There are 2 protein chains.
Amino acid sequence: MTQDTLRTRLITAGLEILQENGLNALTLRACAARVGVSHAAPAHHFSGLSGLITGIIAKGFTQFADTMEEDRKAAPPTPLGQVTGICTGYMRFSKEHPALFALMFNTSGEIDKTDPEFAATSARAYGLLHDACAPYLPVTEHPNATEVLVWSLVHGLATLQLGESLKVAEDNGNPPTIEELLNGLSLKVHP
Amino acid sequence: MTQDTLRTRLITAGLEILQENGLNALTLRACAARVGVSHAAPAHHFSGLSGLITGIIAKGFTQFADTMEEDRKAAPPTPLGQVTGICTGYMRFSKEHPALFALMFNTSGEIDKTDPEFAATSARAYGLLHDACAPYLPVTEHPNATEVLVWSLVHGLATLQLGESLKVAEDNGNPPTIEELLNGLSLKVHP
DNA sequence: CTTTTGACTTGACACTGTCAAGCGGTCTGG
DNA sequence: CCAGACCGCTTGACAGTGTCAAGTCAAAAG
């Protein structure tokens with residue numbers, strides 16, 4: 001119990017630090033200090049920094065999936081409405097939690113992908129996108145082509161927008177929205 | 001002269017460390033040690049670690065543009081051939097230099113975007129993609145919609161593939177290639 | 001009541017980036 | 001010709017990081 005609450009509190013502290021002070025402020029010692037324990041306490045609940053990060057990311061994927069599901073439920077029940085809702089939630093999460101989003105998709109490899117909690121929460125997030133793409137025909141002969149297309153598109157847009165890379169392409173105002181781009185794809189539903 | 005060569009050698013050392021030992025091995029002291037100077041020598045040529053990283057990224061964008069241009073020149077001179085060549089080079093660079101690619105598009109914000117060398121080399125890379133998309137009609141009413149669509153798509157695919165996130169969507173073998181996905185977009189050329 | 005277990009602390013270690021001071025050449029001004 | 005300033009670089013220190021070993025201390029177990 002005490003063990004479980006400290007573990008949970010450390011993850012919560014990490015999420016708060018991420019939100020308030022950004023990615024490079026996320027530190028084992030900072031999490032411990034925020035919770036009010038010694039700097040070595042986290043070692044009894046996580047396998048080092050990478051373990052804590054894995055726990056934070058697992059929790060992050062839950063929030064991520066919640067955000068996507070929220071926007072999906074508020075969208076019209078048509079195939080296009082559902083996938084647009086998922087992608088709108090995808091974009092919204094990346095803007096509301098930029099540091100967490102960057103950490104979750106960090107390719108630096110400091111994350112234990114065999115962690116069961118991580119596997120479960122990330123699978124749920126992927127399942128939402130998968131289901132939203134299911135009504136559509138594959139855009140190529142590859143069976144998963146449509147979901148890979150949509151996922152790559154929304155993820156690339158979120159990442160580039162977060163890094164402000166897209167600003168060079170915005171000679172006039174804002175970039176196109178994910179909703180506009182999805183409309184432009186003219187996806188065909190399964191007959 | 002000596003100043004310029006040490007600056008260049010530090011950037012080269014950083015690129016090598018990135019390639020050989022990954023992102024978290026990239027260190028001011030490691031770069032200095034590899035070149036054979038003291039740990040404080042880099043401070044005379046870069047404004048701290050962020051300055052060195054900016055220099056490495058600037059050089060990285062040159063290699064990035066070279067890779068894209070190389071594949072574009074080897075592709076058929078049709079609009080679809082050219083944009084496919086650019087995107088193939090984009091994917092190839094991300095696979096051949098994963099750590100550098102991750103660093104270049106790191107949203108952690110430890111990079112000085114006002115650096116003139118960075119601005120120049122990144123602008124060249126963007127220009128290649130921009131030009132390859134120029135023959136196509138915008139996919140929405142937004143004038144830059146097509147290049148944002150293509151850029152997001154290829155960047156998302158590269159990033160997700162690098163982080164091995166796409167593996168959950170690959171029930172059967174490999175994911176669709178960027179070439180297949182571009183074909184599936186059915187982009188229309190300007191009349 | 002004693003023992004043992006486990007959560008947590010304390011203290012140390014190597015490593016990081018950054019800063020101040022100093023050294024040793026080279027170039028300049030007289 | 002040659003003192004003095006300058007500049008590239010070194011040395012040494014500092015706070016901060018993750019990680020490990022040892023110790024503390026209360027609660028559970030015998």
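Just so it is clear, the model here is predicted, and its values are computed rather than measured. Computed over heavy atoms, backbone and side chain alike; hydrogens, waters and symmetry mates excluded. The chains referred to below are lettered A, B, ... by the order of the sequence lines, with proteins before strands, and numbering in each begins at 1.
- A donor atom on one side chain and an acceptor atom on the other are not found under 3.5 Å apart for B:W151 and B:Y126.
- Atom CG in B:L52 sits roughly 10 Å away from atom P in C:dT18 (whole-Å rounding).
- By the ring pair (Phe, Tyr, Trp, His ring centres under 6.0 Å) test, A:H39 pairs with no residue at all, sequence neighbours left out.
- In this entry the distance linking CG of A:N21 with C1' of D:dG16 reads 15 Å, nearest Å.
- Remark on DNA chain D: of its neighbouring residues A:A30 and A:A43, the 5'-side contact belongs to A:A30, judged by nearest-heavy-atom nucleotide.
- For B:I53 and C:dT16, the CD1 to P distance is 14 Å, given to the nearest whole Å.
- Per the geometry, CZ belonging to B:R7 stands 13 Å off P belonging to D:dC9, to the nearest Å.
- Among residues two or more places apart in sequence or in another chain, the side-chain hydrogen bond (donor to acceptor under 3.5 Å, both in side chains) test is passed with B:E141 by none.
- Taking atom CG on A:L6 and atom P on C:dA7, their separation rounds to 10 Å, with Å as the unit.
- With rounding to whole Å, A:R9 atom CZ is found 15 Å from C:dA7 atom P.
- Applying the salt bridge (charged side-chain N to carboxylate O under 4.0 Å, His left out) test to B:R29 and every residue at least two apart in sequence or in another chain returns nothing.
- Judged as a ring pair (Phe, Tyr, Trp, His ring centres under 6.0 Å), and not counting sequence neighbours, A:F46 has no contacts.
- If you take CZ of A:F46 and P of D:dG18, they are 14 Å apart, rounded to a whole angstrom.
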Are there any protein N/O atoms within less than 3.5 Å of an N/O atom in nucleotides 10-15 of chain D, and if so, which ones and at what distance?
| residue | atom | partner | partner atom | Å |
| --- | --- | --- | --- | --- |
| D:dT10 | OP1 | B:S38 | N | 3.2 |
| D:dT10 | OP2 | B:S38 | N | 2.5 |
| D:dT10 | OP2 | B:S38 | OG | 2.7 |
| D:dG12 | O6 | B:H39 | NE2 | 2.9 |

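- Not counting sequence neighbours, B:D115 has no partner by the side-chain hydrogen bond (donor to acceptor under 3.5 Å, both in side chains) test.
- Separating the CG atom of A:N24 from the C1' atom of C:dG17 is a distance of 13 Å, rounded to the nearest angstrom.
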